[in-house]
Amino acid sequence: MQNIYIKDLSQHIGEEITLTGWLYNKRSSGKIKFIILRDGTGLLQCVYFKGNVTPEVFELADRLGQESSIEVKGKVKAEPRAVGGYELDATDLHVISEAHDYPITPKDHGVEFLMDNRHLWLRSSRQVAIMRIRHRIVKAIRDFFDNRGFTLMDPPILTPAACEGTSTLFETEYFDLGKAYLTQSGQLYAEAGAMALGKVYTFGPTFRAEKSKTRRHLTEFWMVEPEVAFNDLNDNMDLAEEFLEYIVQTVLKDKQEELKVLERDTTKLENVKKPLPRISYDEAVEILKKNGIDFQWGNDFGGTDETVISNQFDRPVMVHRYPAEVKAFYMKRDPQNEKLALAVDVLAPEGYGEIIGGSQREDSLELLQARIKEHNLPQSAFEWYLDLRRFGSVPHSGFGLGLERTVSWICGLDHLREAIPFARMIYRNTP
RNA sequence: UCCGCGAUAGCUCAAUGGUGGAGCAUUCGGCUGUUAACCGAAGGGUUGCAGGUUCGAGCCCUGCUCGCGGAGCCA
């Protein structure tokens, strides 16, 4: 069976066609009934006149509840009064599965109710638009790296120890080998990949058992992490800004319809082109002080600090050279100032916060061993990682980009839970 | 873990300490161009749970449960 989809109706004007989908909404006015069909690609108003169809079909059109799955038949015509600009002069209607009392009505609902019904909420226009944009972003990410000679290399999800030693991890029993943990980052494995393949990226789910309870946190989220041998911090920033430009401009080019559904003001997204501003941590601290924020040098930025800093710019801003103490053990120190790490965070505009975190990695065996000791990490778990420095160590850099934060920013969402099909949060692991 | 807010019909919300209501959804009736259609009618309640104050508690007090927002931490 050759399916015809609502998005392709312009090629079928005047034809008698059959469409399948779900009953999105209906209205009636005596001898005329309007059924809005939803098929995942758009909405189509189907008009049933009492005189044009059998009494059985007319009665069926009256009886069917929201989200009944149906097959409609009729002639396509352009109709400016109808949603989507087209309309079906319906001649027939078949029910595939009758539905009644669909919980999500075309009225307001609360967040808790919608999240309890997430499996059904995904059918709404807004959620469909978000999922399509998420998919386009994922594809843009893959295209970007694939077209630049990167190799996708999947890291393990079950790991024997923490990658960064700071976050709280989900724990599980692993047969006779003791405890295993769900990964919080594929980065250390990406470094092994970069030494093998030159340019690699990982892309997969990561897990944090932190009891974070904000609109910017999920316990399970997707992260893409490129890692490049022989790249220094500046090369890393070059890559990050080119990457962000490509993602945003691709979505702007291909997903205008969806952005319109979301009522996203895209003027600020259009600015996302290189070069992105690059400021040092010290300069960022100056910005905070000028804005009357009592900030102590040496701390990491909080959510409101990030918003104040990013509000100074019309596009994402890169903040580099953070105090080493607030950053992970594997980051290389700045040769100009041992207190600083060669790290870079990218802060998204409009209060969306950190979407990228990266650094040049420590490539000296002795220094890395010392850092592991300082951070009280078990060196035995990192012997394989230290081997990367024992056998042909080179300068290398990489970063991680949080997928849901990027989706949330580009879509203009007010909470990360809408940026992923089934959000996992501290107080929710269903549906 | 800490701070703040909340929980009333299937859903979204009203109700001065004094007989718990409306809109939507559902059911029935009306309407040949509706746009979250409209008009008329009906059904629908252990006011999150447990105690307390009071002649009387949805409302005041205490504890608990669940959720929302924020902080910390981070992408």
Side-chain angles (χ1 to χ4, degrees), chain A residues 24-36 43 45-53 58 62-63 65-67 79-85 87 89 99-117 120-121 124-125 163-169 183-187 203-225 299-307 326-328 345-348 352-358 399-409 414-417 419-420 425-428:
Chain A
Y24 189 72
N25 198 2
K26 66 176 182 182
R27 289 178 277 272
S28 82
S29 179
K31 298 193 174 64
I32 183 170
K33 297 199 182 300
F34 301 95
I35 285 182
I36 312 296
L43 299 176
Q45 175 159 280
C46 308
V47 185
Y48 287 86
F49 276 110
K50 194 164 190 174
N52 293 356
V53 295
F58 198 73
D62 191 47
R63 190 182 75 220
Q66 198 185 343
E67 290 300 319
E79 172 53 73
R81 284 178 293 183
V83 60
E87 190 174 79
D89 273 333
H100 290 285
D101 298 316
Y102 185 69
I104 303 177
T105 62
K107 286 281 177 182
D108 289 335
H109 297 283
V111 169
E112 186 184 0
F113 178 79
L114 289 170
M115 286 303 288
D116 284 343
N117 290 284
L120 302 176
W121 188 22
S124 73
S125 305
C163 288
E164 302 179 9
T166 50
S167 291
T168 315
L169 306 184
T183 186
Q184 59 168 326
S185 163
Q187 188 214 305
F203 196 179
T206 54
F207 307 87
R208 307 277 165 97
E210 296 284 351
K211 292 195 170 180
S212 298
K213 220 179 116 38
T214 83
R215 64 181 68 195
R216 298 186 309 279
H217 289 87
L218 298 170
T219 56
E220 176 182 320
F221 65 96
W222 284 63
M223 190 152 64
V224 55
E225 297 174 284
N299 290 340
D300 206 348
F301 302 125
T304 48
D305 301 328
E306 289 178 351
T307 303
V326 301
K327 288 295 181 185
D345 284 358
V346 181
L347 308 180
Y352 282 94
E354 184 184 342
I355 49 171
I356 282 180
F399 60 83
L401 172 125
L403 177 63
E404 287 74 18
R405 283 192 182 175
T406 304
V407 172
S408 187
W409 163 49
D414 60 12
H415 200 299
L416 233 47
R417 66 186 153 219
I420 188 168
M425 296 177 291
I426 175 170
Y427 292 127
R428 173 179 297 280

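We name chains A, B, ... by the order of the sequence lines, and we start the count at 1 in each one. Here the structure is a predicted model, which means the values were calculated and not measured.
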>> side chain to side chain contact (heavy atoms under 4.5 Å, CB included), that's the test. Do F221(A) and T206(A) meet it? Break it down for me.
In response: CA-CA 5 Å; F221(A) 65 96; T206(A) 54; 3.3 Å; yes
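- Comparing C24(B) with G44(B), their C1' atoms sit 14 Å apart, to the nearest whole Å.
- The pairing partner recorded for G6(B) is C66(B), the criterion being a Watson-Crick or G-U wobble arrangement whose two distances lie under 3.5 angstrom.
- Using atom C1' as the reference point in both A42(B) and A22(B), the two lie 16 Å apart (nearest Å).
- One C1' atom belongs to A50(B), the other to G10(B), and the distance between them is 27 Å to the nearest Å.
- Look at CG on N299(A): it is 13 Å from C1' on C73(B), rounded to the nearest Å.
- One atom, CD1 of I32(A), and another, C1' of C38(B), lie 14 Å apart when rounded to the nearest Å.
- Between Y24(A) and S125(A), the closest side-chain pair of non-hydrogen atoms falls below 4.5 Å.
- Under 3.5 Å, the side chains of E87(A) and Q45(A) contain a donor-acceptor pair of N or O atoms.
- Rounded to a whole Å, the CZ atom of R208(A) is 19 Å from the C1' atom of U1(B).
- Separating the CZ atom in R208(A) from the NE2 atom in H217(A) is a distance of 9.0 Å, to the nearest 0.5 Å.
- Scored by the salt bridge (Lys or Arg N to Asp or Glu O under 4.0 Å) test, R428(A) finds D116(A) as partners (sequence neighbours excluded).
- Taking atom C1' on both nucleotides, A15(B) is separated from U53(B) by 22 Å, rounded to a whole Å.
- T105(A) and Q66(A) share no donor-acceptor pair across their side chains, judged by distance under 3.5 Å alone.
- Among the protein residues, L218(A) comes within range of the nucleic acid bases, having at least one heavy atom under 4.0 Å from a base atom.
- To the nearest whole angstrom, the two P atoms, one in C11(B) and one in G70(B), are 25 Å apart.
- In a base pair of the Watson-Crick type (N1 to N3 plus N6-O4 or O6-N4) or a G-U wobble (N1-O2 and O6-N3), with each distance short of 3.5 Å, A71(B) is matched with U1(B).
- Rounded to whole Å, the distance from CD on E404(A) to P on A75(B) is 14 Å.
- When each of V47(A) and H109(A) is assigned the nucleotide of RNA chain B bearing its nearest heavy atom, the one mapping closer to the 5' terminus is H109(A).
- To the nearest angstrom, C1' of C11(B) lies 14 Å from CH2 of W121(A).
- Atom CZ in F113(A) sits about 6 Å away from atom P in C11(B), given to the nearest Å.
- Atoms NZ and NZ, from K50(A) and K31(A) in turn, are 6.0 Å apart once rounded to the nearest 0.5 Å.
- Checking A57(B) for Watson-Crick or G-U wobble geometry (two distances, each under 3.5 Å) identifies no partner in any strand.
- With rounding to the nearest 0.5 angstrom, the CZ atom of F207(A) is 11.5 Å from the CG atom of L218(A).
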> Which nucleotides of nucleotides 22-31 of chain B have their base under 4.0 Å from a protein heavy atom (B), which only their sugar-phosphate (S), and which neither (-), written as one string 5' to 3'?
Replying inline: --SSS----B
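- Considering only the side chain of R405(A), A75(B) comes nearest among A75(B), U12(B), G33(B).
- Residue contacts shown for Q45(A) include a base, since a base heavy atom lies under 4.0 Å away.
- When Watson-Crick and G-U wobble pairs are counted only if both distances are under 3.5 Å, G21(B) pairs with C13(B).
- Counting only N and O atoms by type, the side chains of T307(A) and Y352(A) include no donor and acceptor under 3.5 Å apart.
- Taking a cutoff of 4.0 Å between a charged side-chain nitrogen and a carboxylate oxygen, K33(A) and D62(A) qualify as a salt bridge.
- Comparing the P positions of U34(B) and G18(B) gives a spacing of 46 Å, expressed to the nearest Å.
- We find that E79(A) and R81(A) are joined by a salt bridge, their nearest charged nitrogen and carboxylate oxygen being less than 4.0 Å apart.
- For the pair F34(A) CZ and C38(B) P, the computed distance is 14 Å after rounding to whole Å.
- Residue-level contact check: L416(A) touches the bases, meaning some heavy atom is under 4.0 Å from a base atom.
- Note on D345(A): nothing from the nucleic acid sits closer than 4.0 angstrom, heavy atoms only.
- Here, G72(B) and G23(B) have their P atoms 46 Å apart, quoted to the whole Å.
- Nucleotides G43(B) and C28(B) have their P atoms positioned 15 Å apart, rounded to a whole Å.
- G29(B) is paired with C39(B) under the criterion used here, namely a Watson-Crick or G-U wobble arrangement in which both key atom distances are under 3.5 Å.
- Taking OG of S124(A) as the reference point, atom CD1 of I104(A) lies at 7.0 Å (rounded to 0.5 Å).
- No engagement by E220(A) is indicated, since no non-hydrogen atom pair under 4.0 Å with the nucleic acid exists.
- One atom, CD of E225(A), and another, C1' of C74(B), lie 13 Å apart when rounded to the nearest Å.
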Below 3.5 Å between N/O atoms, which protein atoms pair up with nucleotides 64-72 of chain B? Just atom names and distances, please.
residue	atom	partner	partner atom	Å
G67(B)	OP1	Y427(A)	O	2.8
G67(B)	O2'	E112(A)	OE1	3.4
G69(B)	OP1	H415(A)	NE2	3.2
G69(B)	OP1	R417(A)	NH1	3.1
G69(B)	OP1	R417(A)	NH2	2.9
G69(B)	O3'	R215(A)	NH2	3.2
G70(B)	OP1	R215(A)	NE	2.1
G70(B)	OP1	R215(A)	NH2	3.1
G70(B)	OP2	R215(A)	N	2.9
G70(B)	N7	K213(A)	O	3.1
G72(B)	O6	K213(A)	N	3.2
G72(B)	N1	K211(A)	O	3.3

